[in-house]
Structures are given as C-alpha cells and as structure tokens.
Amino acid sequence: DAGITQSPRYKITETGRQVTLMCHQTWSHSYMFWYRQDLGHGLRLIYYSAAADITDKGEVPDGYVVSRSKTENFPLTLESATRSQTSVYFCASTPTGGSYEQYFGPGTRLTVT
Amino acid sequence: DQQVKQNSPSLSVQEGRISILNCDYTNSMFDYFLWYKKYPAEGPTFLISISSIKDKNEDGRFTVFLNKSAKHLSLHIVPSQPGDSAVYFCAASPNSGGSNYKLTFGKGTLLTVNP
C-alpha cells in the first residue's frame, strides 16, 4: 500500500539494549523526519534527512543515530536505550517544491524498562 | 526557548458551538503555519495551513486566522462535532530558502467536543 509505514508499532526493550525503529515511505519524498512525542513537550524533532545519504540533527538528537541509504527508508537507532527514551516516535516525510505539509506515519510506542 | 506556544493544554466545547484554538509564536522568521489533528494511537494528520501573505484561510468548517503583528494565529471550528475531539498541534516554518522544510511544533491542545 502507498504511504508511510513504521515498524514495529509497539516495542518494549531493556535499558542498555540497541533498538532500531523502521520507517518506509512509498512516495519518493525527498525529506524525511523523526519526531518524539512526550507529554508536556509536544512533537520534537530528533533527526531529519534531505535525501539519501544526507542527514542532520534536530532539536533532541542525543542518544540516537540515523541513516538513509535509500530514499524510501529512514531507520532510527537507539544505540543504548535509556528510560528517558520511552516515548512515542513518529516518522514523517514531505516532497520538495510543494507545501510544507508533512505526512506522518502511525507511530511506534517504545517502552524502555 | 519555546518558539511556538499553545498555552491552553485543553479545551472543552459543546457540539454545534465554535471551537477556538490559539497559537503564539516568537520567531519572526516564521512565515508559514500549519494545524495538525491527532487522534490517539494515530499519527498527526494535516488539517489546514496559512501563508504570511494572507490573514485568513478557510476550508469547510475550519478557518485559520493569522495576526502577524501580534504573532498569533487561531483555528476556528464551526460547528464543532464530537468527531473533532482530538489533540491539535500548531506548527510553523520559515518559508524562505534554507529552512530544510523543518517544522516547529507547539505542545498541542486537547479539544473535547461534548454531545
């Protein structure tokens, strides 16, 4: 199906473990984004990517790593998960040349115990 | 420093009445504004936007007003329906080159429309 998908939808992991959240879009949008949503903070940008192999930090990048070897995929890795990274993570994408509307995936709820 | 502020965490209105959600911004470089709606366990979905060259944009029951001098925008929903109950996020972007299409979001306002 066309659109933007995230996997897994729910994940429980232990402190110190590495975990990767996947994001896949079928529109060939140039820009992709990772946000986290926390109570009292709204949506905060973690990392974004302008194209394959081009990534940059957002507002809260510490503890996260991203890569983008293909236009359609933008995985987010927590190298050593901490309890403060318990959150809901959203991936989004937008094409260049259009409006600034971003299209969001359904989210991944991550719990770090 | 929070650049996009939604000072009301929640709002409750009766079905059929008007809902007014407010948003203030501090960065004078912002010149494109969007509203998103978010239901529980779903991703945010785009609702309506406005460019700084306009002061009003309307789409059905939804109207966004922009007051650039006050750095304030508002979303009006008329008439409100129970299905409008959701969290509403205000977002802003500098529409000039170099913005990288990034959006800055407010913390959101939970709207509850009571039947």
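So you know, we letter chains A, B, ... as the sequences are listed, proteins then strands, and number each from 1.
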Side chain, backbone, both or neither of A:Gln37 within contact of chain B (heavy atoms, under 4.5 Å): side chain
Part of A:Leu43 lying under 4.5 Å from any heavy atom of chain B: both
Backbone N/O of A:Ala92 and side chain of A:Tyr31: donor-acceptor pair under 3.5 Å: no
Are [Y] and [X] connected into the same hydrophobic cluster when the rule is that any two of I, L, V, M, F, W, Y join if their side-chain heavy atoms are below 4.5 Å apart?
X: A:Tyr48; Y: A:Leu78; value: no
X: B:Tyr36; Y: B:Phe65; value: no
X: B:Leu73; Y: B:Leu11; value: yes

Neighbours of chain A found in residues 104-115 of chain B - heavy atoms under 4.5 Å: B:Phe105, B:Gly106, B:Lys107
Going by atom types only, do [X] and [Y] share a side-chain donor-acceptor pair under 3.5 Å?
X: B:Asn22; Y: B:Ser74; answer: no
X: B:Tyr32; Y: B:Ser52; answer: no
X: A:Tyr64; Y: A:Tyr89; answer: yes
X: B:His72; Y: B:Asn67; answer: no
X: B:Tyr101; Y: A:Glu101; answer: no

Trace of the ring-ring contact (aromatic ring centres under 6.0 Å, His included) decision for B:Phe62 with B:His76: CA-CA 6 Å; B:Phe62 303 91; B:His76 292 211; over 10 Å; no
Part of B:Leu103 lying under 4.5 Å from any heavy atom of chain A: both
Lys/Arg N to Asp/Glu carboxylate O, A:Arg68 vs A:Asp53, below 4.0 Å: no
Residues of residues 104-113 of chain A within contact distance of chain B, non-hydrogen under 4.5 Å: A:Phe104, A:Gly105, A:Pro106
